[in-house]
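Reviewing the structure listed below.
Ligands are counted one by one from 1 in listed order, and the atoms in each one are counted from 1 as well. Throughout, numbering of the chain's residues begins at 1 and tracks the sequence. Since this is a predicted model, take the numbers as computed values, not measurements.
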Amino acid sequence: MSGSSETHVVVLAAGQGTRMKSSLPKVLHSIAGRPMIERVLEAANSLSPSTITLIVGHRSDVVREKLGKNQNIAFVLQEPQLGTAHALQQAEPVLAGRAGSVILLSGDVPLLSPNTLKRLLEMHRGSGAAATVVTATVDRPYGYGRIVRSRGRITRIVEERDASPTQRQIKEINSGIYAFDLAPLFDALRSIASQNAQGEFYLTDLIAIYRRRKLPVETLLVDNAQEIRGINSRSELAEVSRLVRQKKNEELMAAGVTFIDPATTYVDPEAEIAADTVLHPGVVIEGRTRIGAACEIQAYVRISDSEIGDRVTINSFCLISGAQVANGAALGPFAHLRPGTVVGEKAKIGNFVELKNTNLGPRSKANHLSYLGDATVGADVNVGAGTITCNYDGVHKHRTVIEDGAFIGSDSQLVAPVTVGKGAYVGAGSSIVEDVPAGALGIARGRQNNVEGWVERRKGSPDKT
Ligand code: UD1
Ligand code: MG
């Protein structure tokens, strides 16, 4: 042991992920709404390591671009990708001259918990091992490296493709997660050869090399094998996403949220929902959404990155993104709340109403067939059916202001920039292009002309053909 307590993390993410059959690098595929590499990096960060090195290769530009904002990551290119040992070797320039422990993570093992990582580091340090391998016992070990033991101690790891029929029976698998002491690591990596079924430099060969060199190797067997599920195919991607959702739903149910059908209700891990809220089948809650208590969210509603207060009713088929909805409001069915929408307390948005970058005050209503874009609507306003704010002149966007207590008659267009004053009325069917003062009636439509007896006169005698 080096005696240094520094922790370094290396994440392998250079592989193409051939089995995904994708133009997107494997580690950018999403698990329950988030690229799997982000989950891995979050777990890495929980250790507050001195360095994080990400080994990138296949389409590294796309991976870098996605994670570019992450200042504390050192990106290292592995080109060509010759296997997991070769991948780890690329971290040598970053770690040269340093001491302590390296935690090696795999970009395609996204469910690893911070708690397991903490245990791995503690056990590794405590035992003074040169390497500690995280393992699990599973019923279906197919595809994983197998842990070969002799008299109870790990002697080597053998890959599925290189395993004998007897070795394939072994149910203890390699998670691809390890802790290493930095001191002997890079020297030992150089002695790994590529004589195996894939012609790759396997990191797993390090274990046998360490045993030969009499360097102590330990294993940490995790109870929950789900945590170390690796993702190599689309079907594993779907399966792992399902596990993440299931866990989230169970946590929420334990905290008092009702799911009419948990199997068809998707809630991203980052979302928060308070007690006594009811989620009906087909509801999808995405991103950093917060939903208050005692809300009723009917079937097939999708909410992303939004804040919903308490006792809000959302009827079926609403799409809500980047919006805020205050306590007691009611939405839908078929409402569309786009980013920048704020709906006040007890306000009501009915069917086929779209709001964008609009603030609708408390108790105001837009019950049917409206577009309210770039509008500031006060309290107690009634927006009649078919009202449209004409916010775009083809070049610029303009605001519509509707002050408290105003009443907008049905099928009106408010051509922005325009203000309808406090308590003012707009006659139905108006095209309002000038401000309507407070308390006034604004009416802007052709006058009605009734032509008496017109129908009778028009009738005449019918054609004979
Ligand atoms: C690997 C392990 C296997 C283990 C399994 C757990 C080896 C040889 N095998 O197999 O024992 O049971 O993980 O999930 O290590 N990578 C690179 N550069 C490369 C090759 C791979 O960065 O040249 C990265 C991949 O992007 C991936 C990770 O290393 O994130 C693992 O590679 P992968 O090809 O998925 O290995 P497995 O076959 O899953
Ligand atoms: Mg893998």
Side-chain angles (χ1 to χ4, degrees), residues 9-20 22 24-29 31 35-41 43-44 53-60 62-63 67 75-91 104-112 131 133-138 140-148 154 156-163 167-168 170-178 180 189 192-209 219 221-222 225-237 239-240:
V9 174
V10 176
V11 183
L12 304 190
Q16 180 179 358
T18 321
R19 290 162 277 182
M20 295 296 283
S22 177
L24 191 70
K26 174 163 75 173
V27 296
L28 291 187
H29 281 264
I31 302 283
M36 60 177 110
I37 188 67
E38 282 188 11
R39 293 177 185 280
V40 175
L41 290 170
T53 308
L54 187 66
I55 311 295
V56 290
H58 177 74
R59 306 212 59 200
S60 59
V62 191
V63 180
L67 301 171
F75 291 90
V76 176
L77 188 67
Q78 183 202 13
E79 191 62 66
Q81 293 97 43
L82 302 179
T84 44
H86 179 250
L88 177 53
Q89 270 180 308
Q90 312 308 309
L104 184 80
L105 304 178
S106 215
D108 67 347
V109 181
L111 299 191
L112 198 71
V133 186
V134 177
T135 74
T137 306
V138 298
R140 290 181 301 155
Y142 178 79
Y144 289 96
R146 307 297 207 283
I147 305 296
V148 180
I154 182 170
R156 56 189 290 230
I157 299 173
V158 57
E159 290 303 295
E160 171 84 31
R161 299 186 207 214
D162 304 294
Q167 286 168 332
R168 286 196 180 138
I170 298 172
K171 296 231 152 74
E172 189 184 7
I173 59 151
N174 170 28
S175 67
I177 311 296
Y178 318 79
F180 296 113
L189 282 175
I192 289 177
S194 60
Q195 270 97 28
N196 52 53
Q198 293 200 94
E200 285 187 1
F201 296 91
Y202 285 167
L203 181 57
T204 43
D205 287 351
L206 198 68
I207 304 308
I209 292 172
T219 52
L221 180 80
V222 295
Q226 307 288 25
E227 247 192 71
I228 59 156
R229 289 279 301 253
I231 292 171
N232 298 304
S233 65
R234 304 266 182 171
S235 92
E236 283 165 349
L237 186 73
E239 176 75 4
V240 169

| remark: Restricting Asp108 to its N/O/S atoms, the closest one to the Mg ion (ligand 2) is OD2
| task | Answer with yes or no whether Ile173 contacts ligand 1, where contact means a heavy atom under 4.0 Å from a ligand atom. | result | no
| message | I need the atoms of ligand 1 closer than 4.0 Å to a non-hydrogen atom of Gly145, numbered in the order shown. | response | 3 (C), 4 (C), 11 (O), 12 (O)
| remark: Checking heavy atoms under 4.0 Å, the part of Gln78 that sits near ligand 1 is side chain
| message | So does Leu221 get a backbone contact from the side chain of Thr219, meaning a donor-acceptor N/O pair under 3.5 Å? | response | no
| said: Just to confirm my output: which protein heavy-atom neighbour is closest to atom 5 (C) of ligand 1, and how far is it? | reply: Asn174 O, 4.0 Å
| message | Please check this pair: side chain of Arg168 against backbone of Glu160, looking for a donor-acceptor N/O pair closer than 3.5 Å. | response | yes
| said: Looking only at distances, can you tell me whether any N or O atom of Asp108, backbone or side chain, sits closer than 3.5 Å to an N or O atom of ligand 1? | reply: yes
| message | Please list the nearest protein heavy atom to atom 15 (O) of ligand 1 with its residue and the distance rounded to 0.1 Å. | response | Thr84 OG1, 2.7 Å
| Heavy-atom donor-acceptor pair, Asn196 side chain to Glu200 backbone, under 3.5 Å | yes
| said: Just by distance, no angles: are the side chains of Gln78 and His86 close enough, under 3.5 Å, to form a donor-acceptor pair? | reply: yes
| Subset of ligand 1 atoms that lie under 4.0 Å from at least one heavy atom of Gly107 | 30 (O)
| request: Could you tell me whether the side chain of Tyr144 and the main chain of Gly230 form a donor-acceptor pair under 3.5 Å? | output: yes
| Which bit of Arg19 gets closer than 4.0 Å to ligand 1, counting heavy atoms only: side chain, backbone, both or neither? | side chain
| remark: In terms of its nearest heavy atom to atom 24 (C) of ligand 1, the top option of Val56, Val11, Leu12, Asp205 is Leu12
| query | Does the protein place any heavy atom closer than 4.0 Å to atom 7 (C) of ligand 1? | reply | yes
| query | If you measure from atom 23 (O) of ligand 1 to every heavy atom of Gly83, Ala87, Pro25, which option wins on shortest distance? | reply | Gly83
| What protein heavy atom sits nearest atom 25 (C) of ligand 1, and how far off is it? | Gly15 N, 3.7 Å
| message | Test your reading of the model: is there a side-chain donor-acceptor pair from Arg156 to the backbone of Ile154, 3.5 Å cut-off? | response | no
| Flag side-chain contact, heavy atom, 4.5 Å: Gln90 against Leu77 | no
| Which ligand 1 atoms, with their elements, are less than 4.0 angstrom from a heavy-atom of Leu82? | 23 (O)
| N/O donor-acceptor pair under 3.5 Å between Arg146 side chain and Ile170 backbone | yes
| said: Using a 4.0 Å heavy-atom cut-off, which part of Ala85 comes near ligand 1: side chain, backbone, both, or neither? | reply: neither
| message | So that I can check it, does any N, O or S atom in Asn232 come closer than 2.8 Å to the Mg ion (ligand 2)? | response | yes
| Does the protein put any heavy atom within less than 4.0 Å of atom 13 (O) of ligand 1? | no
| field | Atoms in ligand 1 flagged as close to Lys26, the criterion being non-hydrogen separation under 4.0 Å | value | 35 (O)
| Candidates Val109, Leu54, Leu105, Ile55 - the one meeting side chain to side chain contact (heavy atoms under 4.5 Å, CB included) with Leu12 | Ile55
| task | Give the C-alpha distance, both sets of side-chain angles, the deciding distance and a yes or no for side-chain contact (heavy atoms from CB on, under 4.5 Å) between Ser22 and Arg234. | result | CA-CA 9 Å; Ser22 177; Arg234 304 266 182 171; 3.1 Å; yes
| request: Could you tell me the separation between the NE2 atom of His58 and the NZ atom of Lys26, rounded to the nearest 0.5 Å? | output: 11.0 Å
| For ligand 1, which atoms, with element, lie under 4.0 Å from some heavy atom of Ser175? | 6 (C), 14 (O)
| message | I'd like to check whether Asn232 has a polar contact with ligand 1, where a contact means an N/O of the residue lying under 3.5 Å from an N/O of the ligand. | response | yes
| Main-chain N/O of Val240 paired with Arg229 side-chain donor or acceptor, under 3.5 Å | no
| request: Report the C-alpha separation of Ile228 and Ile173 in whole Å, then their side-chain angles, then the decisive distance to 0.1 Å, and conclude whether the side-chain contact (heavy atoms from CB on, under 4.5 Å) test is met. | output: CA-CA 10 Å; Ile228 59 156; Ile173 59 151; 3.9 Å; yes
| Of all the non-hydrogen atoms in the protein, which one sits nearest to atom 22 (O) of ligand 1, and at what distance? | Ala14 N, 2.9 Å
| For atom 36 (O) of ligand 1, is the nearest protein heavy atom closer than 4.0 Å? | no
| said: Need the ligand 1 atom indices (1-based, order shown) with element for anything under 4.0 Å from a heavy-atom of Ser106. | reply: 27 (C), 28 (C), 30 (O), 31 (C)
| request: Taking Thr84 for its side chain and Leu203 for its backbone only, find out whether a donor-acceptor pair lies under 3.5 Å. | output: yes
| task | Considering only non-hydrogen protein atoms, determine which one is nearest to atom 1 (C) of ligand 1 and report residue, atom name and distance to 0.1 Å. | result | Glu159 OE1, 4.5 Å
